[in-house]
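Residue indices begin at 1 and follow the sequence shown. None of the values given here were measured: they were computed from a predicted structure.
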Amino acid sequence: MTADIALLRVFHAVMEERNVTAAAQRLGQSQSTVSAALARLRVALGDELFLRARYGVEPTEKALQIAPDIAAGLDRLEQAFRAAEPFDPAQSTRRFRLLLGPYAEVVLAPALAAAFVRHAPKAQLELTPIGPDLDPRSLAGQTFDLAIGRFSPPPQDLVVSELFTDGFRCIVAPGVHGVGAVLDRDLYERLPHVVVAPPGKWRTGLQKLTADAGLRRNTAMVVSHFLTAATTVADIGGIATVPARIADMVAKPYGLRNVAVPLNLGNFPTQIAWHPHNRRDPRNIWLRELLKSIACGKSDSGRNGQGASN
């Protein structure tokens, strides 16, 4: 078979989306055009490549075998074209896709959306939950540009760096904790706790930290989202231990006290991960630098990525 770039792009899109309709939308083509391209590929390669599944399609063994080489070849071509074109965020119509952990989404999404409106108004921004663990294939296949969360140990074959660190604070119902009062260990352990248990490493990390510090939490309810915790704390007259940035965001709007944890639980990192093939990509560099500026509170950064570090 003589390589046809258009057919290979169709294969790559279907492989990543696992859905012919979604692949067609991603490529800006009709579903019939994508189906016809797949039919040509099946004849040329002597394999079904994709089989119908309940919610889309599933790749055959041969498709899984050739997918990495096709992705790598398309990536090299794309890198060559990118190197020849300067990146202008203000004119870009690109869709940026990010994988975010629950904590990162709450603290970064509003500022990131505002930054896109200012610096890349024609671009699209898509945020997707990261799930319990990061699958490196999501970034290696360029389904997503980068991921933000807590990666311990760091996934193989990805570049991981620290974006920012945060500590912990308590949000407490005002009826059980007066203004200016110190939250001591006895009260901390007696109050009904709303425990935030999102997927991923943050959940087990806080459990270990409180256990290591010898702090007991009188668990009244377990929720999966930080914002749910705030409303629940207010309703039950309780307490929740949350990252400091979350406490700063929710305490005042929900009429809660933002106070120190009785024992120092230390800090935890929020990290950013991307595939090495994006190390020098100007679009990815711009996005990473924009995120760094937001994390540092420099909201007016992000004009271009040409001077960014790699």
Side-chain angles (χ1 to χ4, degrees), residues 25-28 78-79 81-130 134 138-139 142-151 158-167 198 225-227 230 242-254 258 269-310:
Q25 293 173 344
R26 171 174 165 175
L27 294 167
E78 188 173 350
Q79 291 286 359
F81 283 110
R82 286 178 179 176
E85 294 181 1
F87 175 59
D88 182 2
Q91 299 302 319
S92 176
T93 58
R94 190 180 188 278
R95 179 176 61 163
F96 291 87
R97 303 182 72 188
L98 282 68
L99 282 166
L100 271 70
Y103 164 68
E105 181 175 352
V106 172
V107 299
L108 293 176
L112 184 58
F116 262 70
V117 169
R118 290 195 302 274
H119 303 298
K122 299 179 182 179
Q124 301 177 53
L125 180 62
E126 181 179 324
L127 308 181
T128 300
I130 203 170
L134 174 62
S138 299
L139 301 179
Q142 294 187 305
T143 305
F144 296 92
D145 294 283
L146 52 81
I148 306 172
R150 189 176 181 187
F151 312 119
L158 296 180
V159 180
V160 177
S161 67
E162 186 175 292
L163 187 60
F164 62 90
T165 60
D166 200 359
H225 201 284
F226 295 106
L227 299 184
V242 298
R245 293 190 184 213
I246 297 289
D248 289 341
M249 292 176 64
V250 303
K252 187 174 181 181
Y254 291 98
N258 179 356
T270 290
Q271 299 162 307
I272 184 170
W274 67 92
H275 195 272
H277 63 206
N278 280 324
R279 186 184 297 274
R280 293 181 176 83
D281 174 62
R283 296 160 180 80
N284 202 276
I285 292 173
W286 173 79
L287 181 59
R288 298 194 313 256
E289 291 301 313
L290 181 65
L291 285 163
K292 290 178 183 177
S293 70
I294 291 172
C296 295
K298 300 175 182 177
S299 59
D300 197 36
S301 179
R303 288 190 173 275
N304 63 66
Q306 300 303 313
S309 61
N310 297 327

Review point. Could you state the interatomic distance from CZ (Arg97) to CG (Leu125), rounded to the nearest 0.5 Å?
Key: 11.5 Å

Review point. How many angstroms lie between CG in Leu27 and CD in Gln25, if you round to the nearest 0.5 Å?
Key: 10.5 Å

List for me each residue that meets side chain to side chain contact (heavy atoms under 4.5 Å, CB included) alongside [X], sequence neighbours excluded, and say none if there are none.
X	value
Lys252	none
Gln91	Asp88, Lys122
Ala114	Arg118

Practice item. Among Leu98, Ile272, Asn278, Asp281, find the one that has a side-chain contact (heavy atoms from CB on, under 4.5 Å) with Leu287. Key: Leu98

Are side-chain heavy atoms of [X] and [Y] found at a separation under 4.5 Å?
X	Y	answer
Ile148	Gln271	no
His275	Leu158	yes
Val250	Val106	no

**Study point:** side-chain hydrogen bond (donor to acceptor under 3.5 Å, both in side chains) partners of Glu162, counting only residues at least two apart
**Key:** none

Check your understanding: Among all residues two or more places apart in sequence or in another chain, which pass the side-chain hydrogen bond (donor to acceptor under 3.5 Å, both in side chains) test with Asp166?
Key -> Tyr103

Quick check: closest heavy atoms across [X] and [Y], and the distance to 0.1 Å?
X	Y	answer
Ala109	Leu127	CB-CD1, 3.7 Å
Ala147	Ile130	CB-CD1, 4.0 Å
Leu290	His119	CD1-CD2, 4.3 Å

Point to revise | Verdict with reasoning, Leu108 to Leu163, per side-chain contact (heavy atoms from CB on, under 4.5 Å) | key: CA-CA 11 Å; Leu108 293 176; Leu163 187 60; 3.9 Å; yes

Practice item. Kindly determine whether Val107 and Phe226 satisfy side-chain contact (heavy atoms from CB on, under 4.5 Å), including the steps that lead there. Key: CA-CA 10 Å; Val107 299; Phe226 295 106; over 6 Å; no

Review point. Has the side chain of Asp145 got a donor or acceptor atom that lies under 3.5 Å from a matching backbone atom of Asn284?
Key: no

Check your understanding: Can you list the residues that meet the ring pair (Phe, Tyr, Trp, His ring centres under 6.0 Å) rule with Phe116, with sequence neighbours excluded?
Key -> Phe96, Trp286

Practice item. Establish, for the pair Arg94 and Phe87, whether the NZ or CZ atom is under 6.0 angstrom from the six-membered ring centre and no further than 45 degrees off its axis. Key: no

